[in-house]
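Single-structure report; data block below.
Predicted model only: the values in this text are computed from it and were never measured.
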Amino acid sequence: MTVPTTFDQNATSCSPTHAYWMARASDLAYKSDSEIDEQARAWGFGTVRHHETRFTPPFPLQDTQAYTMAGDRMIVTAFRGTEPAQIRDWLTDATTPPWPGPARTGYVHYGFAEALESIFPAVQKTIAELRTDGQTLWFTGHSLGGALAMLAAARLYLEEPRLLADGVVTFGQPRTCDRTLAAAYNKGFTNRAYRFVNNNDIVPQLPPEPAFTHVDALRHIDSAGRIHETNALVPDLANRAKGLTAAAFSPTGDGVRDHFIHNYVTALEKNLG
């Protein structure tokens, strides 16, 4: 197996290799600003901007962080996620009111919308400033970061089409919106959106259906690390959602272990060669 040493900025679709690098970019979002700067430039992205804001929502989450790295041929914005223990109560709170979707299209989870709202203007401004020479634009993120990446792409698509993203790649993304917004997103991002779920990852089973649903297109990674293309969760994984309890978020359980971003990176690396 040969692992490429850096991003292919000419990539126009989500091959296993590009998915691997998007996972690496999502993992990097958890690092310090200096580590992000150093690694992004080593990957060939000469400009790096950091986006961070602090706010106090009615959830166990106090800030939103992301970074944008721009090269000669590609721009990547990666949103930082959060740990399963921090996101559990937030995603299972049935009293959370909905938030109108982009361009009043459907609705989204209130927490996701508020988190994105706190940072989106800076992200949008940065992309408009840096996308000056026809670079492709990609959004990525893990866990909460995956939800924010999907919503940021949806906002640009529905509210400012000139900044339409060329691709969205998420890892362990929770359900983010209702069926109306999901349908609009799926139409706008046909063959350009990829939602990876690693084996028994518990977070994509939340928030519960039918109020919230997933967007296309699922890439399920099985226990052997093989990638399966499908638009529906495999039956045995879906059945696990029926009995979700706090125990499902045990640090020693498959549901949490499979959620960690480094396990996505490892699984995707097995598909290179």
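- Classified by interplanar angle (parallel below 30°, tilted 30° to 60°, perpendicular above 60°), the ring pair H142/Y264 is perpendicular.
- By the 6.0 Å contact criterion, CG on D8 is enclosed, its count of non-hydrogen atoms from other residues, nucleotides or ligands being greater than 12.
- A donor-acceptor pair under 3.5 Å is absent between the side-chain atoms of T64 and the main chain of L116, judged by distance alone.
- Residue F120 is not grouped with residue Y107 when hydrophobic side chains (ILVMFWY) are merged at heavy-atom distances under 4.5 angstrom, including chains of intermediate members.
- Two residues are said to be in side-chain contact when any heavy atoms from C-beta on lie closer than 4.5 Å; T170 and F79 fail this criterion.
- No path of Ile, Leu, Val, Met, Phe, Trp and Tyr side chains, each step under 4.5 Å between heavy atoms, connects V203 with F212, placing them in separate hydrophobic clusters.
- Under the side chain to side chain donor-acceptor pair (under 3.5 Å) test applied with T68, the options H51, R131, R49, H50 reduce to a single match, H51.
- Shown here is N10, whose CG atom has more than 12 heavy atoms of other residues, nucleotides or ligands within 6.0 Å.
- Between F112 and H109, the two ring planes are tilted [angle within 30° to 60°].
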Salt bridge (charged side-chain N to carboxylate O under 4.0 Å, His left out) assessment of E117 paired with R155: CA-CA 10 Å; E117 184 68 25; R155 284 194 64 170; 2.9 Å; yes
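- Counting heavy-atom neighbours within 6.0 Å of E209 CD, excluding the residue itself, gives a total above 12.
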Given side chain to side chain contact (heavy atoms under 4.5 Å, CB included), test D201 with Q205 step by step and report yes or no. CA-CA 8 Å; D201 186 345; Q205 297 305 311; over 6 Å; no
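- Residues forming a side-chain contact (heavy atoms from CB on, under 4.5 Å) with A267 (at least two apart in sequence, or on another chain): N198, I221.
- R24 is listed as a side-chain neighbour of W43, based on a closest heavy-atom distance under 4.5 Å.
- Placement of Y157 and L163 within a single hydrophobic cluster is found when ILVMFWY residues are connected by side-chain heavy-atom separations under 4.5 Å, directly or transitively.
- In this structure a side-chain-to-backbone donor-acceptor pair under 3.5 Å is missing from D133 to D72.
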